[in-house]
J.: 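The structure's right below; bear with me while I get my questions together.
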Amino acid sequence: MFGRLGCVERARQIFDAIADRDSFSWGIMLSIYARSGDLSNAKGVFDRMPRWSLGSWTALLSAFALSGHHEEAKTLFDTMQERDLIAWTIMLTVLATFSNIEDAKYHFDQMPERDLVAWTAMLAANAERGQMENARETFDQMPERNLFSWTSLLSAYGRSGDVKAAGRVFDSMPEWNLVAWTAMLTGYSLSGDVVRAKRAFDSMPERDLIAWTAMLSAYAFNGHLRYTREIFQRMPERDLISWATMVAALVENDLLEESKELFDRMPRHCALSKGMTPNRVTFITLLDACSFLGALAEGRKIHAAVAERGFDTDLVVSNALVNFYGRCGALGDAKIVFDGMRRRDVISWSSMISAFAQRGRVDEAMELYHRMLSEGTLPDDIIFISVLFACSNSGVVEASGDFFRSIVGDTQVEPTLEHYACMVDVLGRAGKLRDAEDLLRLMPFHPGPLLYMTMLSACKLYTDVERGEAAAEVVFELDPENSSPYITLANIYSAAKRPKDAARIRKLMEERGIKKKPGCSWIEVLDRVHEFIAGDKMHPQRDEIYAEIQRLGRQMKEAGYFQDTKVVLQDVEEDEKENLLWYHSEKLAIAFGLISTPPGAPLRIVKNLRVCSDCHAATKVISKVTGREILVRDTNRFHHFQNGMCSCNDYW
DNA sequence: CTAGGGTTAG
């Protein structure tokens, strides 16, 4: 009884209390462990059993299968003396999950008999890999059908984007249950029809957690953040998936601060250990969340769980790992995962290349790109952006021009607006403002506000007032809520020693009610992500943090550091400006990192804005006087500070 | 042991 309720502990207590255990009670205990995916206990029971029946072998097989030990499952299956239908079917699902469709089909054809469960598993295996014709054929060939097979086909059509076919299946079904309704809801959602999705949700005779989550994700997927929030609030219960969906929706909308808060409240540890069996998608989702938040220690734990569950051979999971380590600045780890992959697709290469690109290591990025070509993987439009970005971060104008031309000359890929945007960025940051301007004017796309913002940032680097003014005007008009053009233009005026104009722009920004996005930084210390907002006094250790900043300040001044108050936008006195600078979120995070980690430990910071020039100069000095490595990820790239220098060579 | 919610690169 307790086993069926999921109370494994209680079941074990009762089992231990039984005086004369027969093979029946041993078998029950074994299957309870097997079903909960607890391999080591299942093995323990199996080894201690007085004798083994066919059922106990099958239970052990399912323990291997559920815990992701697919190699061991295969070996066990091959050595089994006799196999019942269930063992064959378990093995089929293992192959369907961890191997290719050919292996699964071969196994299916070998089966002495096939019941509905096996047929449905085969249908799902085809659908999972996008083989809709085969899935349909399997369905048509099935000797009989139940709700499982109908729903499997319905959801396959929904996921393949054919909502009309899904609707036809739904209408032909003999009966509907919650599962069918939810599959239909998702089908509508994926086709962009939230109205029909909501109608399905309202028509359901009852709603469970999964139905609620499907509705949540329907709103999130179609960009309705307000309704997404509302559903999340109204849900009667939530699990790992609903939390992760909400976190992803916030990340999608650039609400990093809020998503981080939610991420910390997410009950992920319990979800990984009990309650639900994590599958490949669980790991991908969690790794993705960690990667955005720079939660390295947290992600490492997930990596360990991935390996333990046997998902480290999965292509997509490995890609997510490379991407996670890359985004956390752990290049070495990213490379280890990448090198260990049996198979790589264009996404694997792209993840690795952009890891190098973000560190400004253009040589390695280029080398990888050429290795990818020689290994026969075709490039796509996205990988070009990564490579161009690497060029842009290292200031290699010539190489990027050649590379850009090779897109048109050597590949099947049509250059997109994004490719032109990268080129404008490369030229602008290298100081070739006229060339950047020409490209902007002559390119075969209509440039959006983002491109003019790129242009404007380049003008700031080279204090080009005239071009800067022109670019800013465009952004003011095309993206009226954005504070960046105001701030950048004001900074250009300040640098050009035109304080009155700078003040005029600041006033304009105020009059138009445009708010500057507050600077925000995170640092992970002892598995927890700590957040700091510029000037914030909310942290429980604020006194120690502020004292550390004072102490650091004295040390830094001795080392020759002086502040660049030009970057302060507020209209305040000079010494007040100095104060504001000392409490930028990045410096608060660094100070906190310094007092909460052992001497010599590297610090990893994630920012929601780009590094400001004063923080950049200050962090260089801090790395020298404290002897710490400091890694800062801003919205654009990584800065790796070490011994008074930064990996970007002050080019960013 | 089979069906519904999440899915990796800019």
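Throughout, protein chains are lettered first and strands after them, A, B, ... in sequence-line order, and every chain is numbered starting at 1.
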J.: Expressed as a whole number of angstroms, how long is the span from A/Glu206:CD to B/dG5:P?
T.: 17 Å
J.: In plain terms, say whether A/Glu367 and A/Arg371 are close enough for a salt bridge, that is, a side-chain N and a carboxylate O under 4.0 Å apart.
T.: no
J.: Any chance you could lay out the side-chain hydrogen bond (donor to acceptor under 3.5 Å, both in side chains) test for A/Ser348 and A/Asn319, step after step, and finish with the verdict?
T.: CA-CA 5 Å; A/Ser348 332; A/Asn319 286 349; 2.8 Å; yes
J.: Should the side chain of A/Asp345 and the base of B/dA9 be counted as holding a donor-acceptor pair, with the cut-off at 3.5 Å?
T.: no
J.: Roughly, in whole Å, what's the span from CG in A/Leu154 to P in B/dT2?
T.: 18 Å
J.: Nearest whole angstrom, please: distance from the P of B/dA3 to the CG of A/Asn126.
T.: 13 Å
J.: Answer yes or no: does a side-chain N or O of A/Ser155 lie under 4.0 Å from OP1 or OP2 of B/dG4?
T.: yes
J.: Using a cut-off of less than 4.0 Å, is there contact between a side-chain N or O of A/Ser217 and OP1 or OP2 of B/dG6?
T.: yes
J.: Contact class for A/Arg344 vs. all strands (heavy atom < 4.0 Å): base, sugar-phosphate, or nothing?
T.: nothing
J.: Classify A/Leu287 by what it touches in the nucleic acid, base, sugar-phosphate, or nothing, heavy-atom distance under 4.0 Å.
T.: nothing
J.: Rounding to an integer number of Å, can you tell me how far A/Met352 CE sits from B/dT8 P?
T.: 19 Å
J.: Counting any heavy atom closer than 4.0 Å, what does A/Thr245 reach on the DNA or RNA strands: base, sugar-phosphate only, or nothing?
T.: sugar-phosphate
J.: I'd like to know if A/Asp208 reaches the base of B/dG4 with its side chain, counting only an N/O donor and acceptor under 3.5 Å.
T.: yes
J.: Please work out if A/Ile353 contacts a base, only the sugar-phosphate, or nothing of the nucleic acid, heavy-atom cut-off 4.0 Å.
T.: nothing
J.: Do the ring planes of A/Phe232 and A/Trp243 sit parallel (below 30°), tilted (30 to 60°) or perpendicular (above 60°)?
T.: perpendicular
J.: Starting at CD of A/Glu252 and ending at P of B/dG10, how long is that distance when rounded to a whole Å?
T.: 13 Å
J.: Report yes if a donor N or O on one partner sits less than 3.5 Å from an acceptor N or O on the other, where the partners are the side chain of A/Thr186 and the base of B/dG5; otherwise report no.
T.: no
J.: Rounded to whole angstrom units, what separation is found between the CG atom of A/Leu216 and the P atom of B/dG5?
T.: 14 Å
J.: I'd like to know if A/Arg361 and A/Glu364 make a salt bridge, using a cut-off of under 4.0 Å between side-chain N and carboxylate O.
T.: yes
J.: Which part of the nucleic acid, if any, lies within reach of A/Ile90 when heavy atoms closer than 4.0 Å are counted: base, sugar-phosphate only, or nothing?
T.: sugar-phosphate
J.: Have a look at A/Asp381 and say if it touches a base, only the backbone sugar-phosphate, or nothing, with a 4.0 Å heavy-atom cut-off.
T.: nothing
J.: A/Ser149 or A/Ala248: which one's nearest nucleotide on DNA chain B is closer to the 5' end?
T.: A/Ser149
J.: Give the rounded distance in Å between these two atoms: CD1 of A/Ile86 and P of B/dT2.
T.: 11 Å
J.: For the residue pair A/Arg359 and A/Phe638, would you count it as a cation-pi contact if the rule is NZ or CZ under 6.0 angstrom from the ring centre and within 45 degrees of the ring axis?
T.: yes
J.: Measuring to OP1 and OP2 of B/dG10, would you say a side-chain N or O of A/Arg327 lies under 4.0 angstrom away?
T.: yes
J.: Determine whether a donor-acceptor pair (one donor, one acceptor, N or O, separation below 3.5 Å) exists between the side chain of A/Asn279 and the base of B/dG6.
T.: yes
